[in-house]
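The structure appears below as C-alpha coordinates.
Letters go in sequence order (proteins before strands), and every chain restarts at 1. We use all heavy atoms of the structure for the numbers below, so side chains are in, but hydrogens, waters and symmetry mates are not.
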Amino acid sequence: MSVEPSWYLVLSAMLFTIGALGLLVRRNPLVMFMCVELMLNAVNLTFVTFARMLNDIGGQVVVFFVLVVAAAEVVVGLGIIVAILRRRPGATADDIALLKG
Amino acid sequence: METTVFLVSAVIVLAGALGVILARNPVHSALMLVMTLFGVAVLFVAQEAHFLAAVQVIVYAGAIVVLFLFVIMLLGVDRAEDLEREPLGGQRPAAAVVAVIGLGFIVVLGVRAAQVSLGARSVHGELDGPGSNIEKLAEALFTDYVFAFEATSVLLVIAVIGAVLLARKPRDPRPARHFKGEPAERGEDR
(Lines give C-alpha, C1' and ligand atoms only; values in the text may rest on other atoms or scores of the structure.)
Protein backbone atom coordinates (compact mmCIF):
# COMPACT_ATOMS: atom_id res chain seq x y z
CA MET A 1 0.00 0.00 0.00
CA SER A 2 1.67 3.19 -1.12
CA VAL A 3 0.97 6.67 0.21
CA GLU A 4 -1.28 8.63 -2.11
CA PRO A 5 -0.84 12.42 -2.32
CA SER A 6 -4.48 12.81 -1.30
CA TRP A 7 -3.63 11.34 2.12
CA TYR A 8 -1.35 14.30 2.74
CA LEU A 9 -4.08 16.67 1.57
CA VAL A 10 -6.63 15.09 3.92
CA LEU A 11 -4.16 15.28 6.80
CA SER A 12 -3.46 18.94 6.15
CA ALA A 13 -7.20 19.62 5.90
CA MET A 14 -7.63 18.07 9.35
CA LEU A 15 -4.72 20.09 10.71
CA PHE A 16 -6.17 23.30 9.25
CA THR A 17 -9.59 22.55 10.73
CA ILE A 18 -8.15 21.89 14.18
CA GLY A 19 -6.31 25.20 13.98
CA ALA A 20 -9.44 27.07 12.89
CA LEU A 21 -11.48 25.42 15.64
CA GLY A 22 -8.90 26.44 18.22
CA LEU A 23 -8.92 30.00 16.92
CA LEU A 24 -12.70 30.11 17.30
CA VAL A 25 -12.86 28.48 20.72
CA ARG A 26 -9.82 29.58 22.69
CA ARG A 27 -9.63 32.99 24.37
CA ASN A 28 -6.01 33.29 25.37
CA PRO A 29 -4.39 35.48 22.67
CA LEU A 30 -1.15 33.46 22.79
CA VAL A 31 -2.95 30.16 22.21
CA MET A 32 -4.93 31.77 19.39
CA PHE A 33 -1.61 32.72 17.83
CA MET A 34 -0.40 29.14 18.07
CA CYS A 35 -3.57 28.04 16.29
CA VAL A 36 -2.72 30.44 13.47
CA GLU A 37 0.67 28.71 13.26
CA LEU A 38 -1.10 25.36 12.99
CA MET A 39 -3.15 26.64 10.05
CA LEU A 40 -0.02 28.02 8.35
CA ASN A 41 1.66 24.64 8.73
CA ALA A 42 -1.32 22.87 7.22
CA VAL A 43 -1.08 25.13 4.18
CA ASN A 44 2.68 24.53 3.96
CA LEU A 45 2.07 20.79 3.91
CA THR A 46 -0.44 21.26 1.10
CA PHE A 47 2.07 23.29 -0.92
CA VAL A 48 4.78 20.66 -0.53
CA THR A 49 2.32 17.93 -1.53
CA PHE A 50 1.27 19.77 -4.67
CA ALA A 51 4.92 20.48 -5.47
CA ARG A 52 5.54 16.74 -5.45
CA MET A 53 2.37 15.98 -7.41
CA LEU A 54 3.14 18.48 -10.17
CA ASN A 55 6.91 17.83 -10.03
CA ASP A 56 7.52 21.55 -9.62
CA ILE A 57 9.95 23.30 -7.26
CA GLY A 58 7.67 26.38 -7.16
CA GLY A 59 5.54 24.97 -4.36
CA GLN A 60 8.57 24.58 -2.14
CA VAL A 61 9.67 28.16 -2.89
CA VAL A 62 6.24 29.37 -1.77
CA VAL A 63 6.64 27.44 1.49
CA PHE A 64 9.97 29.22 1.98
CA PHE A 65 8.24 32.59 1.67
CA VAL A 66 5.43 31.49 3.98
CA LEU A 67 8.05 30.61 6.60
CA VAL A 68 9.61 34.09 6.33
CA VAL A 69 6.26 35.86 6.51
CA ALA A 70 5.20 33.68 9.46
CA ALA A 71 8.35 34.63 11.34
CA ALA A 72 7.71 38.35 10.71
CA GLU A 73 4.06 37.94 11.68
CA VAL A 74 4.91 36.20 14.94
CA VAL A 75 7.40 38.92 15.87
CA VAL A 76 4.93 41.75 15.28
CA GLY A 77 1.97 39.86 16.76
CA LEU A 78 3.81 38.97 19.94
CA GLY A 79 4.91 42.60 20.19
CA ILE A 80 1.26 43.66 20.07
CA ILE A 81 0.31 41.03 22.67
CA VAL A 82 3.12 42.18 24.97
CA ALA A 83 1.97 45.79 24.60
CA ILE A 84 -1.65 44.87 25.37
CA LEU A 85 -0.97 42.50 28.26
CA ARG A 86 1.40 45.00 29.87
CA ARG A 87 -1.46 47.45 30.18
CA ARG A 88 -4.13 44.91 31.07
CA PRO A 89 -2.60 41.82 32.68
CA GLY A 90 -4.60 38.69 32.13
CA ALA A 91 -6.66 40.12 29.28
CA THR A 92 -8.39 37.61 27.04
CA ALA A 93 -9.71 38.14 23.54
CA ASP A 94 -13.10 39.02 25.05
CA ASP A 95 -11.73 41.82 27.19
CA ILE A 96 -10.16 43.70 24.31
CA ALA A 97 -13.40 45.20 23.03
CA LEU A 98 -12.74 48.93 23.01
CA LEU A 99 -13.94 49.30 19.42
CA LYS A 100 -17.20 47.48 20.10
CA GLY A 101 -20.16 49.71 19.29
CA MET B 1 8.01 1.97 4.82
CA GLU B 2 6.59 5.27 3.57
CA THR B 3 3.15 4.23 4.80
CA THR B 4 4.50 3.62 8.29
CA VAL B 5 6.30 6.97 8.32
CA PHE B 6 3.16 8.74 7.12
CA LEU B 7 0.87 7.08 9.64
CA VAL B 8 3.17 7.63 12.61
CA SER B 9 3.82 11.26 11.79
CA ALA B 10 0.13 11.87 11.01
CA VAL B 11 -0.76 10.61 14.49
CA ILE B 12 1.97 12.84 15.97
CA VAL B 13 0.75 15.88 14.02
CA LEU B 14 -2.89 15.44 14.92
CA ALA B 15 -2.20 14.62 18.57
CA GLY B 16 -0.01 17.70 18.85
CA ALA B 17 -2.62 19.90 17.19
CA LEU B 18 -5.35 18.64 19.50
CA GLY B 19 -2.98 19.16 22.41
CA VAL B 20 -2.50 22.81 21.39
CA ILE B 21 -6.20 23.57 21.50
CA LEU B 22 -7.05 21.37 24.50
CA ALA B 23 -4.21 22.18 26.91
CA ARG B 24 -5.22 24.49 29.75
CA ASN B 25 -1.76 25.87 30.29
CA PRO B 26 -0.24 27.99 27.45
CA VAL B 27 3.18 26.41 28.13
CA HIS B 28 1.76 22.97 27.40
CA SER B 29 0.18 24.35 24.23
CA ALA B 30 3.57 25.63 23.09
CA LEU B 31 5.22 22.24 23.76
CA MET B 32 2.45 20.45 21.87
CA LEU B 33 3.04 22.90 19.02
CA VAL B 34 6.67 21.72 18.89
CA MET B 35 5.41 18.15 18.50
CA THR B 36 3.18 19.12 15.58
CA LEU B 37 5.97 21.08 13.91
CA PHE B 38 8.34 18.11 14.15
CA GLY B 39 5.68 15.85 12.67
CA VAL B 40 5.22 18.24 9.74
CA ALA B 41 9.02 18.33 9.29
CA VAL B 42 9.05 14.54 9.04
CA LEU B 43 6.31 14.71 6.41
CA PHE B 44 8.43 17.25 4.51
CA VAL B 45 11.33 14.80 4.51
CA ALA B 46 8.99 12.04 3.33
CA GLN B 47 8.08 14.25 0.36
CA GLU B 48 11.71 15.04 -0.40
CA ALA B 49 11.65 18.66 0.73
CA HIS B 50 14.83 18.28 2.78
CA PHE B 51 15.80 21.93 2.99
CA LEU B 52 12.32 22.96 4.09
CA ALA B 53 12.32 20.27 6.76
CA ALA B 54 15.57 21.67 8.17
CA VAL B 55 14.23 25.23 8.02
CA GLN B 56 10.99 24.08 9.64
CA VAL B 57 12.87 22.67 12.62
CA ILE B 58 15.27 25.60 12.91
CA VAL B 59 12.88 28.49 12.35
CA TYR B 60 9.61 27.14 13.71
CA ALA B 61 10.57 24.73 16.45
CA GLY B 62 13.71 26.67 17.26
CA ALA B 63 12.96 30.35 16.93
CA ILE B 64 9.21 30.82 16.92
CA VAL B 65 8.28 28.44 19.74
CA VAL B 66 11.12 29.77 21.86
CA LEU B 67 9.74 33.26 21.22
CA PHE B 68 6.30 32.07 22.31
CA LEU B 69 7.67 30.52 25.50
CA PHE B 70 9.73 33.64 26.15
CA VAL B 71 6.64 35.86 25.90
CA ILE B 72 4.59 33.49 28.07
CA MET B 73 7.22 33.57 30.78
CA LEU B 74 7.85 37.31 30.41
CA LEU B 75 4.20 38.16 30.88
CA GLY B 76 3.62 35.53 33.52
CA VAL B 77 0.50 34.16 31.86
CA ASP B 78 1.52 30.55 32.46
CA ARG B 79 -1.55 29.93 34.58
CA ALA B 80 -4.04 27.23 33.82
CA GLU B 81 -7.14 28.50 32.08
CA ASP B 82 -10.58 27.31 33.01
CA LEU B 83 -11.84 25.66 29.85
CA GLU B 84 -15.11 24.50 31.37
CA ARG B 85 -16.51 28.00 31.56
CA GLU B 86 -18.10 29.08 28.32
CA PRO B 87 -18.44 32.86 28.26
CA LEU B 88 -20.51 32.99 25.10
CA GLY B 89 -23.42 30.56 25.18
CA GLY B 90 -23.57 28.08 22.33
CA GLN B 91 -20.33 29.23 20.75
CA ARG B 92 -18.53 25.91 21.02
CA PRO B 93 -21.22 23.79 19.34
CA ALA B 94 -21.48 26.44 16.61
CA ALA B 95 -17.70 26.42 16.16
CA ALA B 96 -17.72 22.61 15.98
CA VAL B 97 -20.43 22.66 13.31
CA VAL B 98 -18.50 25.23 11.28
CA ALA B 99 -15.33 23.16 11.66
CA VAL B 100 -17.00 19.95 10.49
CA ILE B 101 -18.55 21.67 7.47
CA GLY B 102 -15.24 23.32 6.64
CA LEU B 103 -13.37 20.04 7.02
CA GLY B 104 -15.74 18.25 4.66
CA PHE B 105 -15.41 21.05 2.15
CA ILE B 106 -11.60 21.11 2.21
CA VAL B 107 -11.32 17.31 2.10
CA VAL B 108 -13.59 17.10 -0.96
CA LEU B 109 -11.60 19.89 -2.59
CA GLY B 110 -8.25 18.28 -1.78
CA VAL B 111 -9.18 14.79 -2.92
CA ARG B 112 -10.72 16.15 -6.10
CA ALA B 113 -7.62 18.28 -6.78
CA ALA B 114 -5.42 15.23 -6.22
CA GLN B 115 -7.43 13.34 -8.83
CA VAL B 116 -7.48 15.94 -11.56
CA SER B 117 -4.00 17.31 -10.72
CA LEU B 118 -4.56 20.92 -11.68
CA GLY B 119 -1.88 23.19 -13.03
CA ALA B 120 1.02 23.01 -15.41
CA ARG B 121 3.81 20.59 -14.55
CA SER B 122 7.38 21.61 -13.81
CA VAL B 123 7.08 25.32 -14.60
CA HIS B 124 9.86 26.49 -12.28
CA GLY B 125 12.09 23.47 -12.56
CA GLU B 126 11.65 19.77 -12.09
CA LEU B 127 11.71 18.34 -8.64
CA ASP B 128 13.40 15.13 -9.77
CA GLY B 129 15.91 16.86 -12.05
CA PRO B 130 19.68 16.89 -11.55
CA GLY B 131 21.17 18.35 -8.39
CA SER B 132 20.11 18.27 -4.76
CA ASN B 133 16.90 19.72 -3.39
CA ILE B 134 18.62 22.82 -2.02
CA GLU B 135 20.32 23.53 -5.37
CA LYS B 136 17.03 23.47 -7.24
CA LEU B 137 15.34 25.56 -4.58
CA ALA B 138 18.13 28.13 -4.69
CA GLU B 139 18.03 28.30 -8.47
CA ALA B 140 14.29 29.00 -8.49
CA LEU B 141 14.63 31.45 -5.62
CA PHE B 142 17.37 33.55 -7.16
CA THR B 143 16.01 33.60 -10.72
CA ASP B 144 12.22 33.55 -10.91
CA TYR B 145 11.52 34.74 -7.39
CA VAL B 146 14.39 37.16 -6.85
CA PHE B 147 12.17 40.24 -6.45
CA ALA B 148 9.96 38.48 -3.94
CA PHE B 149 13.13 37.42 -2.12
CA GLU B 150 14.33 41.03 -1.94
CA ALA B 151 10.89 42.10 -0.76
CA THR B 152 11.06 39.65 2.14
CA SER B 153 14.24 41.32 3.34
CA VAL B 154 12.37 44.65 3.44
CA LEU B 155 9.54 42.88 5.26
CA LEU B 156 11.92 41.52 7.89
CA VAL B 157 13.43 44.97 8.49
CA ILE B 158 9.95 46.45 8.90
CA ALA B 159 9.01 43.64 11.30
CA VAL B 160 12.08 44.27 13.43
CA ILE B 161 11.37 48.01 13.62
CA GLY B 162 7.72 47.36 14.39
CA ALA B 163 8.54 44.89 17.14
CA VAL B 164 10.98 47.32 18.75
CA LEU B 165 8.47 50.17 18.62
CA LEU B 166 5.62 48.03 19.96
CA ALA B 167 7.42 46.26 22.74
CA ARG B 168 9.58 48.96 24.28
CA LYS B 169 8.29 50.79 27.31
CA PRO B 170 7.52 54.41 26.51
CA ARG B 171 9.81 56.58 28.58
CA ASP B 172 7.32 59.30 29.37
CA PRO B 173 4.63 59.70 26.75
CA ARG B 174 2.42 62.26 28.42
CA PRO B 175 4.24 63.92 31.29
CA ALA B 176 1.75 66.77 31.55
CA ARG B 177 -1.19 64.53 32.41
CA HIS B 178 0.26 62.89 35.49
CA PHE B 179 -1.83 63.59 38.51
CA LYS B 180 -0.12 64.73 41.66
CA GLY B 181 0.75 61.88 43.95
CA GLU B 182 0.17 59.23 41.31
CA PRO B 183 3.26 57.13 40.75
CA ALA B 184 4.85 57.70 37.39
CA GLU B 185 4.75 53.97 36.63
CA ARG B 186 1.01 53.93 36.73
CA GLY B 187 0.62 57.10 34.70
CA GLU B 188 2.70 55.55 31.98
CA ASP B 189 0.48 52.55 31.71
CA ARG B 190 -2.72 54.46 31.18
Side-chain angles (χ1 to χ4, degrees), chain A residues 1-11 13-22 24-28 30-31 34-35 37-38 41 44-45 48-49 51-58 60-61 63-65 67-72 74-76 78-83 85-87 90 94, chain B residues 2-3 6 10 13-14 17-18 20-21 26 29-30 33 36-37 40 43-44 47-49 52 55 59 63-64 67-68 71-72 75 77 81 87 92 95 99 102-103 106-107 110-111 114 117 119 121-128 136-137 140-141 145 148 152 155-156 159 162-163 166-167 189:
Chain A
M1 190 166 58
S2 66
V3 180
E4 300 287 327
S6 57
W7 295 13
Y8 288 99
L9 296 178
V10 170
L11 174 65
M14 289 162 85
L15 188 57
F16 188 89
T17 313
I18 292 173
L21 184 65
L24 288 173
V25 168
R26 293 302 296 260
R27 283 177 164 53
N28 188 332
L30 282 159
V31 179
M34 292 178 206
C35 292
E37 298 302 317
L38 286 182
N41 266 279
N44 281 351
L45 188 58
V48 171
T49 308
R52 194 177 70 153
M53 272 169 59
L54 296 172
N55 194 20
D56 190 342
I57 196 77
Q60 296 192 6
V61 177
V63 174
F64 181 81
F65 286 126
L67 282 166
V68 176
V69 173
V74 164
V75 167
V76 175
L78 286 178
I80 293 172
I81 290 177
V82 167
L85 289 187
R86 196 185 276 151
R87 277 154 210 258
D94 287 339
Chain B
E2 203 194 343
T3 314
F6 176 82
V13 164
L14 291 179
L18 286 174
V20 170
I21 71 169
S29 288
L33 184 65
T36 303
L37 299 175
V40 173
L43 290 174
F44 281 179
Q47 305 204 70
E48 281 149 24
L52 290 178
V55 171
V59 172
I64 290 182
L67 200 60
F68 269 116
V71 168
I72 291 169
L75 295 172
V77 289
E81 189 183 346
R92 280 184 194 161
L103 177 65
I106 307 173
V107 164
V111 172
S117 192
R121 299 179 72 85
S122 308
V123 179
H124 298 289
E126 292 177 1
L127 214 53
D128 53 2
K136 284 173 282 192
L137 197 62
L141 195 60
Y145 293 95
T152 52
L155 176 76
L156 284 174
L166 281 171
D189 283 354

Taking side chain as everything from C-beta outward and backbone as N, CA, C, O, which of these in B:Leu18 sits under 4.5 Å from a heavy atom of chain A? Side chain, backbone, both or neither. both
Side chain, backbone, both or neither: which part of A:Leu24 has a heavy atom under 4.5 Å from chain B? both
Which one of A:Asn44, A:Val74, A:Asn28, A:Asn41 has the most heavy-atom pairs closer than 4.5 Å to chain B? A:Asn41
For A:Tyr8, is it the side chain, the backbone, both, or neither that has a heavy atom closer than 4.5 Å to a heavy atom of chain B? both
Quick check: closest heavy atoms across A:Cys35 and B:Ile21, and the distance to 0.1 Å? SG-CG2, 3.7 Å
Among the options A:Leu45, A:Ile18, A:Val68, pick out the one with the most heavy-atom pairs lying under 4.5 Å from chain B. A:Ile18
Counting only non-hydrogen atoms closer than 4.5 Å, does B:Thr36 touch chain A with its backbone (N, CA, C, O), its side chain (CB onward), both, or neither? side chain
Smallest heavy-atom separation, A:Met34 atom then B:Pro26 atom, equals CE-O, 3.7 Å
If you count heavy-atom pairs within less than 4.5 Å of chain A, which of B:Val107, B:Leu37, B:Leu43 leads? B:Leu43
Under the side-chain contact (heavy atoms from CB on, under 4.5 Å) rule, what do B:Phe6 and A:Leu11 come out as? Steps first, then yes or no, please. CA-CA 10 Å; B:Phe6 176 82; A:Leu11 174 65; 4.2 Å; yes
Answer yes when B:Lys136 and B:Glu48 have at least one side-chain N-carboxylate O distance shorter than 4.0 Å, and no when they do not. no
In terms of heavy-atom pairs under 4.5 Å with chain A, the winner among B:Val13, B:Val71, B:Leu52 is B:Leu52
Highest number of heavy-atom pairs under 4.5 Å with chain B among A:Val10, A:Ile81, A:Ile80, A:Val69 belongs to A:Ile80
Given that the side chain runs from C-beta out, which part of B:Leu156 has a heavy atom under 4.5 Å from chain A: side chain, backbone, both or neither? side chain
In terms of heavy-atom pairs under 4.5 Å with chain B, which of A:Val76, A:Val82, A:Val48 leads? A:Val48
Which bit of B:Tyr145 is near chain A, if near means a heavy-atom gap under 4.5 Å: side chain, backbone, both or neither? both
Taking side chain as everything from C-beta outward and backbone as N, CA, C, O, which of these in B:Ala63 sits under 4.5 Å from a heavy atom of chain A? Side chain, backbone, both or neither. neither
Between chain B and each of A:Leu85, A:Leu78, A:Asn55, count heavy-atom pairs under 4.5 Å; write down the option with the most. A:Asn55
Taking all non-hydrogen atoms of both residues into account, name the closest pair between B:Ala99 and A:Thr17 and its distance. O-CG2, 3.2 Å
Counting heavy-atom pairs closer than 4.5 Å to chain A, which one of B:Gly162, B:Ala163, B:Ala148 comes out on top? B:Ala148
Any chance you could measure A:Leu67, atom CG, to B:Ile64, atom CD1, to the nearest 0.5 Å? 7.5 Å
Testing the basics here: between B:Val20 and A:Arg26, what is the closest heavy-atom pair and its distance to 0.1 Å? O-NH1, 3.8 Å
Please look at A:Ala72 and chain B and tell me whether the side chain, the backbone, both or neither of the residue comes under 4.5 angstrom of a heavy atom of that chain. both
Heavy-atom proximity to chain B below 4.5 Å, by part of A:Phe65: side chain
